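Heads up: the structure comes next, in structure tokens.
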Amino acid sequence: MGFNREDNAFIEWYPRGYGVGFKVKERLLETQTKYQRLELYETEGFGKLLVLDGTVQLLEVGEESYHEVLVHPVMLAHPRPRKVLIIGGGDGGALREVLKHEDVERVVMVEIDETVIEVSKLYMDVAKGVFDDPRAEVIVGDGVEYLRNTGERFDVIIVDSTDPVGPAKLLFSEGFFESAYTRLNDNGLYITQAGSVYLFTNELLDAYMAMKKVFDHVHYFSFPVIGYASPWGFLVGIRGYLDFNKVDLGRAGKLDLYYYDPERHGTLFQMPRYVRRLLENERT
Ligand code: AG3
């Protein structure tokens, strides 16, 4: 697990011995935070690599392949997102993408691990000063508790957490989806990353089924994210009725996107056939 001296590489091991690795130029940091083991590397070809508890969180070069896809499809499907909540996302990448939308008046970001925020600010070129944006409020705390206790409602809720295994498992439970649902405005959207489609298929299915019990409509999609075992799964829950198959191309035009292609929004919904059939409860 982790750093491999012989090859000078960091490798993340997924179930069944599936590895995703990067050649490392320099080991920059290795520390135990209050919540998790944090590692930071300078890679050969993808800038800095942030690792939490042995799992790749982001590569500086290519992180937009995750953050654009997590943020813009839901933001552009909503007619006018003014208030947004981000749970997790301590590196600031999701916050940066949300703040690109002109309609946004307020973004609350709740990250449990302050060290992730600090490391991102000090070492990485991801947040680009967005933590100081007057529209952003950054709270260091537990997202589960925050959702349970806040009286505020949001147009979009984005969950940028670690995987649906281990400590973040709670963020994929029916109870958590219920508290998110109550904190959404009508025609509000909820999105969560949901793990590797091939390697966490069961977790994806479980989260999808739990979301279907809570939200009025649920969608799934996938995207090849740089640094993660592809394709990567995402789940979207809707309160009320809102068509997630359509996005506002006028607003999309102002965003200067590199990975997510709003003009081909429909291509997001592609899934390996066996996974689609499992999600739709058909037999494979
Ligand atoms: N969010 C996604 C982490 C999931 C990666 N999982 C894995 N490599 N097994 C956090 C980082 C981006 N803000």
Side-chain angles (χ1 to χ4, degrees), residues 10 12 26-43 46-72 75 83-101 104-150 152 154 156-163 166-171 176 180 183 191-193 225-228:
F10 174 86
E12 173 179 351
E26 205 186 332
R27 305 174 74 174
L28 298 170
L29 208 62
E30 233 185 301
T31 177
Q32 178 67 40
T33 76
K34 208 170 148 198
Y35 296 96
Q36 50 208 341
R37 177 146 202 85
L38 184 152
E39 295 160 76
L40 190 70
Y41 298 94
E42 185 69 49
T43 65
F46 291 86
K48 295 196 180 63
L49 160 65
L50 175 69
V51 177
L52 294 176
D53 281 343
T55 65
V56 170
Q57 299 300 300
L58 64 84
L59 289 142
E60 253 177 343
V61 178
E63 48 89 2
E64 299 91 340
S65 64
Y66 173 79
H67 290 124
E68 284 187 6
V69 168
L70 180 69
V71 169
H72 300 305
M75 292 294 284
K83 285 179 69 174
V84 179
L85 172 67
I86 299 169
I87 300 207
D91 50 73
L95 180 60
R96 181 196 68 217
E97 295 301 318
V98 167
L99 288 168
K100 288 183 179 169
H101 291 258
V104 168
E105 291 162 6
R106 170 168 162 77
V107 192
V108 180
M109 186 188 113
V110 187
E111 163 64 51
I112 200 162
D113 195 340
E114 195 169 13
T115 310
V116 176
I117 301 176
E118 292 309 318
V119 166
S120 174
K121 277 190 191 164
L122 278 172
Y123 294 91
M124 293 195 296
D125 184 31
V126 173
K128 305 201 197 287
V130 288
F131 290 120
D132 302 321
D133 191 295
R135 293 171 292 167
E137 181 186 354
V138 176
I139 296 173
V140 175
D142 180 350
V144 176
E145 251 166 58
Y146 178 83
L147 259 191
R148 216 182 278 141
N149 300 328
T150 181
E152 240 179 306
F154 298 90
V156 173
I157 298 177
I158 296 168
V159 180
D160 182 14
S161 68
T162 49
D163 291 348
K169 209 174 162 57
L170 211 59
L171 303 182
F176 184 73
R183 305 275 49 109
I191 184 161
T192 179
Q193 74 96 350
V225 172
I226 293 175
Y228 302 173

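Keep in mind it's a predicted model, so treat the numbers as computed, not measured.
- Looking only at side-chain heavy atoms (C-beta outward), L50 and L38 come within less than 4.5 Å of each other.
- Put simply, the side chain of Q193 gets close to the backbone of T162: a donor and an acceptor are under 3.5 Å apart.
- Between T150 and V108 there is no side-chain heavy-atom pair separated by less than 4.5 Å.
- Looking only at side-chain heavy atoms (C-beta outward), V104 and M75 come within less than 4.5 Å of each other.
- Residues I158 and V84 are in side-chain contact: their nearest non-hydrogen atoms beyond the backbone lie under 4.5 Å apart.
- A 4.5 Å side-chain heavy-atom check between E97 and Y66 finds every atom pair outside the cut-off.
- Atom CG of L58 sits about 5.0 Å away from atom CG of D91, to the nearest 0.5 Å.
- A distance of 8.5 Å separates CE in M124 from NZ in K48, rounded to the nearest 0.5 Å.
- The local environment of OH in Y123 is sparse, with at most 12 non-hydrogen atoms from other residues, nucleotides or ligands closer than 6.0 Å.
- Formation of a donor-acceptor pair under 3.5 Å by the Y228 side chain with backbone atoms of Q57 is found in this model.
- Scanning all heavy atoms of the two residues, the minimum distance from I191 to V69 falls at CD1-O, 4.3 Å.
- Counting heavy atoms of neighbouring residues, nucleotides and ligands inside a 6.0 Å radius, atom CD of E114 does not exceed 12 of them.
- Counting only heavy atoms from C-beta outward, the side chains of E12 and V51 never approach each other to under 4.5 Å.
- Here E60 contributes atom CD and L40 contributes atom CG; the two are 8.0 Å apart, rounded to the nearest 0.5 Å.
- Note that CG of L147 and CG of L171 are 9.0 Å apart. Values are rounded to the nearest 0.5 Å.
- One distance of note links CG of L52 with CD of E39; it measures 9.0 Å at 0.5 Å rounding.
- A donor-acceptor pair is defined here as one N or O able to donate and one able to accept, closer than 3.5 Å; no such pair exists between the side chain of T43 and the backbone of L49.
- Counted by atom type alone, E63 and H67 present one or more donor-acceptor pairs between their side chains at under 3.5 Å.
- Looking at heavy atoms from C-beta onward, R96 lies in side-chain contact with E64 at the 4.5 angstrom threshold.
- Side-chain contact check for Q36 and D113: at least one donor-acceptor pair (N or O, by modelled atom type) lies under 3.5 Å.
- Electrostatic pairing of E145 and R148 does not count as a salt bridge here, judged by no charged N lying under 4.0 Å from a carboxylate O.
- Across L170 and F176, no two heavy atoms sit closer than the pair O-CB, 3.3 Å.
- Distance alone, capped at 3.5 Å, is enough to place a donor-acceptor pair between the T33 side chain and the Y35 backbone.
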